Each structure stands twice: as C-alpha cells, then as structure tokens.
Amino acid sequence: MYPAAEKRFIRINKITIFVLFIVIAAGGIVRSTGSGMGCPDWPKCFNRIIPPTDVSQLPQGYEQHYVEGRIKKNERFANMIEFFGYKNLADQIRHDESILVHEEFNAAKTWTEYVNRLAGVTAGFCMLFTAFYSFTYWKKKKAIAIWSVLNLIVVVIQAWLGSIVVSTNLTPWVITIHMLLALVIVCISIHTYYWATTLRNGSILKAGIPKGLKLITLGSIILLVIQVVYGTEVREIIDHLKQTDIMRSEWIDSIGLNYHIHRILAYLTLAITVFLFLKVKSLNIQNTVQYKYALISFVLVCIQMLSGIILARFHVPAVAQTVHLVVASLFVGAQYYLLLLLNAPKPVLVED
C-alpha cells in the first residue's frame, strides 16, 4: 500500500514517538529520585562525556566552578526574558539565592540524570532522521515535511530549555514549560504519523462519526493539559516540602488550593473520558482503531486515577509519582490521536 520511502518515514516516525515517551519516563524518574541536579552542567556531565563514579575523580573547588557557570548562563537568560518585557521575572532569576546552592556529588543521581540525557540524545537523532525522511512527502503533502522540520527545531529549543532547567537549579515555572513543550513535541510527531498513515489508507477513518464527539475530545484534551499544569505545580510544592520539617504524611494536606483544583479536574477528565468511550462503543465500530484508542484512553485514565489515589493515600511514594507522570503523557498522546481519528474520511492517494 505504501511506497518504500513512505514506509521508512512511517517506521522512523513511530519509533520516534516511542522514544519520546521513554524520554518522558526517564525525566519522571529523575524528578521522583531528586536527580535533576545530578549533572550540574550541560550538555556534558561534570565536563565529561562519561560522568564520574566517585567524588575523588572531581577537582577541588568544582562546586564553585559550576555555580559561577550557572550564574553567567542565568544572567544571559534573564537578559533575554527582560528583552521580551518580563523585567520582574528577570529580576527574580538574577536574585534567586537557590542558584548559588550546589548539590553534593551523588553517583546514583549523576548517572540517573546522565541516562536521562542519553535518552534525550537518542530522541534528538530520531527526530533528525524523521525530518530528513519527511521530504519524501514534499510533492504529496508538504505539511508532513514542514511540521517534521519544525518539530526538530522545537526539540533544539527543548534541549536549550533543559540546560536552563539545570542552570536555574530546577526553577518551577521553567520545569512546567519544559514538560508542556515535551507534550507539544509528542503531539506534532503523532500528527505527522497520522497524516502519513491516512494519506493512502482510506480505511482508517470512518464515516458517520458525530462532529460533536470531536469537539468533546478537544475539550477533554484542553482540560487534561490544564490538569497537567496544576499537577506540575503540585509536584513543585511537594519538592519544596521535601526540604522542610513537615512529615511526609502531612504533605498532601499542606499543598493547598492547587491540589484541590488538580483533583477536581481529574474527576472531570475521568467523566469525559468514560463518556467518550461509551459513545464510541455505541457507534458499533468495535473493530476499528477509533474504538481501540477510546479504550486505551479509558484504561489510561483509570490507571491515572489509581496512581493519584495511591499518591494521596500512601504519602506520595516515588514510584507512583513516576507512574502518574508517564501515564499522564501517554493519556495526552492517546487522546490527541483519538481526536485525529475522529475526522471524516478524505480522498486518498493512489500508489505511485
């Protein structure tokens, strides 16, 4: 059905999506283990391609060296933010004393962060190959090539933002943008995959699906993204609580309004996802990809709710934190792909 060049693009695009979710999972492990500053510099780790395994391998005074490096990078970042009119935010970065605090060397945390970076590099190469092979569609559907190249540019911005996460010593709002940008990259990759697979295969999309169902799915995704933002805020508050004398069993009660909003949004997302699943099921299209992803979304939202309950009832275990983040990203991806699959059938290309 697909020419060899198109099969190659579809294959690498699919691999890229898979690797991107691995990167998000690796990032979740980094966050749950507190390894975000395991490597105090970027892109190398302690100025090495392969990081050290013991503090004895580091020179004396290395702490101050990396603090000074972060200060210089943050000054440039603050100048850029101020250029765009955010003077108060720039001043906050310039006067953030946490940037002056270095973290003691911990081999486990260093290698956890290092593996996360290796996953990121792998994703970068996958994106590069995806962009390169996308030009096979230049005469057939330019949007595939254009968005694949734009996604590669976004990945470069994401890599730069990752360096800012390190230099600002895990500033919360920077981490939130970093997470949202990761989801944007995933969704663009899913969209180019959708375009490529439906360009010649008319059997994927189904006629007779109510237009309102697509609007509800779009609303669900918007609600889910807002929930992710609040979830990230909750996570940052928990990270702060770790540095206090407040007992772990009291963390949830100490979060405040952000947690309650996040929980309410979770129940709304659950209700909408269940409704979507039941509605798709009622269309008698059980053997279609639309039903498959409606079911996947339903299963993911149930796992997400379960992990959230475990976080609340069992004092925020680290494993549940990672599961909660990874499932949330998978849920966004599944919902976005379902949104695309609810489109009406279009004319397809014949084989070359």
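Side-chain atoms are counted along with the backbone in the values below, which use heavy atoms only and exclude waters and symmetry mates. On a predicted model such as this, the values are computed, not experimentally measured, just so you know.
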Between [X] and [Y], is any pair of side-chain heavy atoms under 4.5 Å apart?
X      : Y      : result
Thr33  : Lys109 : no
Trp138 : Ile146 : yes
Thr198 : Lys346 : no
His260 : Ile255 : no
Leu295 : Val280 : no
Ile15  : Val19  : yes
Phe21  : Val326 : no
Leu339 : Gln335 : no

Can you confirm whether the side chains of [X] and [Y] place a donor and an acceptor under 3.5 Å from each other?
X      : Y      : answer
Tyr336 : His191 : yes
Thr130 : Asn13  : no
Thr16  : Ser189 : no
Thr136 : Glu6   : no
Asn343 : Tyr194 : yes

Nearest heavy atoms of [X] and [Y], plus distance in Å:
X      : Y      : value
Ile24  : Ser329 : CG2-OG, 3.5 Å
Phe9   : Thr192 : CE2-O, 4.1 Å
Phe105 : Asp54  : CE2-C, 3.5 Å
Ala334 : Leu300 : CB-CD1, 4.0 Å
Cys45  : Pro51  : SG-CB, 3.6 Å

Q. Between CG of Asp91 and CD1 of Ile81, what distance do you get to the nearest 0.5 Å?
A. 10.5 Å
Q. Can you tell me how far the CD atom of Gln158 sits from the CG atom of Asn151, to the nearest 0.5 Å?
A. 10.5 Å
Taking the side chain from [X] and the backbone from [Y], do they hold a donor-acceptor pair closer than 3.5 Å?
X      : Y      : value
Gln290 : Leu341 : yes
Trp195 : Ile190 : no
Ser148 : Ala145 : no
His262 : Gln227 : yes
Arg248 : Val316 : yes
Gln57  : Thr53  : yes

Under a 4.5 Å side-chain heavy-atom rule over Ile, Leu, Val, Met, Phe, Trp and Tyr, are [X] and [Y] clustered together?
X      : Y      : value
Val228 : Leu265 : yes
Val23  : Phe18  : no
Phe314 : Ile246 : no
Ile272 : Leu215 : no

Q. Where do Tyr2 and Thr197 land on the side chain to side chain contact (heavy atoms under 4.5 Å, CB included) test, with the steps shown first?
A. CA-CA 9 Å; Tyr2 302 101; Thr197 52; 4.0 Å; yes
Q: Check the pair Tyr291 / Leu283 against side chain to side chain contact (heavy atoms under 4.5 Å, CB included), numbers first and verdict last.
A: CA-CA 9 Å; Tyr291 176 79; Leu283 298 175; over 6 Å; no
Q: Take Val186 and Val332, measure what side chain to side chain contact (heavy atoms under 4.5 Å, CB included) needs, and give me the verdict at the end.
A: CA-CA 9 Å; Val186 168; Val332 171; over 6 Å; no
Q) Hey, what's the ring geometry for Phe277 with Phe298, parallel, tilted or perpendicular (30° and 60° as the breaks)? A) parallel
Q. Can Tyr230 and Tyr259 be said to form a ring pair (Phe, Tyr, Trp, His ring centres under 6.0 Å), step by step?
A. CA-CA 7 Å; Tyr230 274 99; Tyr259 170 72; over 10 Å; no
Q. Would Arg117 and Glu113 pass as an ion pair if we require N to O under 4.0 Å?
A. yes
